Q: 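Below is one structure. I have some questions about it.
Treat the numbers as computed from the prediction; the structure is a model and nothing was measured.
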Amino acid sequence: MSQPVQRAATRSIIQKYINKETLKYVFTTHFWGPVSNFGIPIAALYDLKKDPTLISGPMTLALVAYSGVFMKYALAVTPKNYLLFACHFINESAQLGQGYRFIDFNYFKSDEEKNKIIEEYKVKAEQANEKK
């Protein structure tokens, strides 16, 4: 790509995405609220790989309800906050996954299966401690 074409393309991208309206949006709570809230779904996704004995059923239920309410809220405000909706949609999905793991482990697994799972996670924890 020639230098004048590259400059024109760069200028076009900057004018399209880095403009007064975009900068104005970046400095609002409409943007920073959801961005700071993304720690919750990131942690929830990370927790999907952890030991199912550590899952709190009541807390998972509370987070499912919390994310459901805020997904509704994100679409009820004007202008619609799609970033907040995405944050809580991801969290809702992860928490439903955690809820499934909680119910499966506590209500559908036999004692034998539970003990096997607990032992697997103990071995993984020991291996992780040895690496430190």
Q: Does atom NZ of Lys114 have more than 12 heavy-atom neighbours, drawn from other residues, nucleotides or ligands, at distances under 6.0 Å?
A: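 Above 12, so yes.
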Q: When you look at Ile103 and Phe108, which way does the side chain to side chain contact (heavy atoms under 4.5 Å, CB included) test go after all the steps?
A: CA-CA 7 Å; Ile103 291 169; Phe108 296 119; 3.5 Å; yes
Q: Is there a side-chain contact between Tyr66 and His88, using heavy atoms and a 4.5 Å cut-off?
A: yes
Q: Whether the side chain of Asn91 engages the backbone of Cys87 through a donor-acceptor N/O pair (distance < 3.5 Å, no angle test) should be reported.
A: no
Q: Measure from the side-chain N and O atoms of Ser36 to the backbone N and O of Gly33, and report whether any donor-acceptor pair falls under 3.5 Å.
A: yes
Q: Answer yes or no: is there a side-chain heavy-atom contact under 4.5 Å between Tyr73 and Phe85?
A: no
Q: Of all heavy-atom pairs between Phe38 and Ala86, which one has the smallest distance, and what is that distance?
A: CZ-C, 4.2 Å
Q: Given side chains that start at C-beta, do those of Ile117 and Phe105 come closer than 4.5 Å, heavy atoms only?
A: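 SC-SC contact between Ile117 and Phe105 confirmed.
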Q: Hey, does the side chain of Asn81 reach the backbone of Leu84 with a donor-acceptor pair shorter than 3.5 angstrom?
A: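 It does hold such a pair.
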Q: Do Arg101 and Asp104 meet the salt-bridge criterion of a basic N to acidic O distance under 4.0 Å?
A: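 Looking at Arg101 together with Asp104, the answer is no, because their closest N to O distance does not fall below 4.0 Å.
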Q: Out of curiosity, Asn115 CG to Lys109 NZ, how far, rounded to the nearest 0.5 Å?
A: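 It is 13.0 Å, given to the nearest 0.5 Å.
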Q: Treating Ile, Leu, Val, Met, Phe, Trp and Tyr as nodes and any side-chain heavy-atom pair under 4.5 angstrom as an edge, say whether Ile90 and Trp32 lie in one connected cluster.
A: yes
Q: Going by heavy atoms in the side chains, are Ile42 and Leu45 under 4.5 Å from each other?
A: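 When only atoms from C-beta onward are counted, Leu45 and Ile42 do not touch, as no gap falls below 4.5 Å.
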Q: If you group Ile, Leu, Val, Met, Phe, Trp and Tyr by side-chain heavy-atom gaps below 4.5 Å, do Leu61 and Tyr100 land in one group?
A: no
Q: Rounded to the nearest 0.5 Å, what separation is found between the CD atom of Gln98 and the OG atom of Ser56?
A: 10.5 Å
Q: So, Gln95 side chain and Glu92 main chain: donor-acceptor pair closer than 3.5 Å or not?
A: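 Judged by distance alone, no pair lies under 3.5 Å.
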Q: Heavy atoms, side chains only, cut-off 4.5 Å: are Pro34 and Tyr82 in contact?
A: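 SC-SC contact between Pro34 and Tyr82 ruled out.
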Q: Are there more than 12 heavy atoms of other residues, nucleotides or ligands under 6.0 Å from atom CZ of Phe89?
A: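 No, not enclosed.
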Q: When clusters are formed by joining ILVMFWY residues with side-chain heavy atoms under 4.5 Å apart, either directly or through shared neighbours, do Leu75 and Phe70 land in the same one?
A: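 No: no chain of side-chain contacts under 4.5 Å links Leu75 to Phe70.
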Q: Below 4.5 Å, heavy atoms only, C-beta onward: do Glu112 and Lys116 meet side chain to side chain?
A: no
